[in-house]
Amino acid sequence: MKAKPKYEYEAFVTAVLDGDTLIADIFLGFDICVKGQKFRMSLINAPELSSKDENEKNKALESKKKLEELILNKKVILKT
């Protein structure tokens, strides 16, 4: 049985590094914001952009583009 998240934070995604890694500003409450935090999404393993294999690199670019379409410059909820 998977444990429930203990905390949830609103965040604003400022950059997508690849298909499973992003940078976000996290709103902690009480007018406190932590800017530029790097996150790797759990349970997702996207191909790496640094791959030397051209096919894998194309898949990595495709997954990054898709993630950008979904969450770049949008508010998300981070669960810990």
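Just so we're clear, the structure is a prediction, and the values are computed from it rather than from any experiment. Here, residue 1 is the first one in the sequence, and each next residue gets the next number.
- The hydrophobic clustering, which links ILVMFWY residues whose side-chain heavy atoms are closer than 4.5 Å, places Ile44 and Leu49 apart.
- For Glu10, the salt bridge (charged side-chain N to carboxylate O under 4.0 Å, His left out) partners are Lys75, not counting sequence neighbours.
- Between Ser63 atom OG and Leu61 atom CG the span is 8.0 Å, to the nearest 0.5 Å.
- At most 12 heavy atoms of other shown residues, nucleotides or ligands fall within 6.0 angstrom of atom CD in Glu62.
- Rounding to the nearest 0.5 Å places OG of Ser50 at 8.0 Å from NZ of Lys57.
- Here the CD atom belonging to Glu48 is positioned 12.5 Å from the NZ atom belonging to Lys64, to the nearest 0.5 angstrom.
- Here OG1 of Thr80 is found 7.0 Å from OH of Tyr7. Values are rounded to the nearest 0.5 Å.
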Show your working on side-chain contact (heavy atoms from CB on, under 4.5 Å) between Leu78 and Phe39 and close with a plain yes or no.
CA-CA 10 Å; Leu78 300 177; Phe39 291 94; 3.5 Å; yes

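- Of the inter-residue distances, the one linking Lys65 atom NZ with Leu67 atom CG reads 13.5 Å to the nearest 0.5 angstrom.
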Could you pull out all donor-acceptor pairs under 3.5 Å where a side-chain atom in residues 12-37 meets a protein atom, sequence neighbours excluded?
unit_1 : atom_1 : unit_2 : atom_2 : d
Thr14  : OG1    : Ile23  : O      : 3.2
Asp18  : OD1    : Asp20  : N      : 3.0
Asp18  : OD1    : Thr21  : N      : 2.9
Asp18  : OD1    : Thr21  : OG1    : 3.0
Asp20  : OD2    : Arg40  : NE     : 3.4
Asp20  : OD2    : Arg40  : NH2    : 2.9
Asp20  : OD2    : Ala46  : N      : 3.1
Asp25  : OD1    : Gly36  : N      : 2.9

